[in-house]
Amino acid sequence: MIDRRQRTLARAARVYGRGLFHGKDVTLTLLPAPDYHGLVFQRVDLSARVLIPARVEYVVPQPRRTVLARLGAQVETVEHVLAALVGLQIDNCILQINGPECPNGDGSAQHFVEAIEAAGVVEQSAPAPLLDVSETVAVVDDGTGARWTARPADDDGLHIEYELCSPYPGCDRQSLSLTITPDSFVRELATARTFVRESEVQALRAVGLGRRTTPRDLLVFDASGNPIQNTLRRPDECVRHKILDCLGDFALAGGRVCGHFAGQRTGHRHNHELVRRIKDTQLGQRRRAA
Ligand SMILES: [Zn+2]
């Protein structure tokens, strides 16, 4: 990946839909923003129009999704729209939303990609700063077997290799290695949908989540590993979605991340921890250099 300038949308892009967990109808409006603005959410349905930067400092731990909150305002399931923005190399954007959760679409990032591509993308004046992995960093969770290793790359690219090894049929063993560019993101990742097991859907419904969600809104696997009322877009759609989720969470570093990343069995909290660790090492380096 060569050095590039910061990028934003040419004009506003709108995405309508309902959230996966809470089922509220929402409009998400993506607006152009100036150099160094970053990706920043704003809840426009609340009287205090609080800005919530898409940064790991504002993560509120919640299962199965990434949630950001600041000064009493919260926005949930932010990972897929952030993946679309990072995947299309958009550094600056205001994400105005009139509800608590980003629209789900079909559970992938494709609806965001289509809206962004229809609006157009423009180059700005300043170079896009790199947040490179400067030393090897690992996140290991012995309890779940989740593991991330991030190491420096020779180039300025973002390289992700991911191994999904879950004990459940349908999404048990899949692996994929990819260098992320706008082309590879659109071609290989953007259409990969959220997946869940039927038993997990029942558990979520029991606590009041996902009540308006149907098997058409995401991939639901039955106990034999077959998608219910749905067909896979790729045999390894699940691992592609896992990488898409990682990309969305890496956006929380607040810059253009580069390095070699190798992940296994991770969830959002491991992705967030990896971002924190990378930011810590960068801070440490700056302190040592000062
Ligand atoms: Zn996801």
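None of the values given here were measured: they were computed from a predicted structure. Both counts, for ligands and for their atoms, begin at 1 and track the order of listing.
The cationic atom of Arg65 (NZ for Lys, CZ for Arg) lies less than 6.0 Å from the six-membered ring centre of Phe21 and within 45° of the ring axis.
Distances from the Zn ion (ligand 1) to the N/O/S atoms of Asp245 are shortest for OD1. When distances from the Zn ion (ligand 1) to the N, O or S atoms of His80 are compared, NE2 comes out shortest. Take the N/O/S atoms of His241: the one nearest the Zn ion (ligand 1) is NE2.
For the atom pair Ser175 OG and Leu164 CG, the distance stands at 9.5 Å (nearest 0.5 Å).
Phe250 and Trp148 have tilted rings, their planes meeting at an angle from 30° to 60° on a 0 to 90° scale.
The side chain to side chain contact (heavy atoms under 4.5 Å, CB included) test with Tyr162 is passed by exactly one of Gln174, Lys242, Arg240, Gln264: Lys242.
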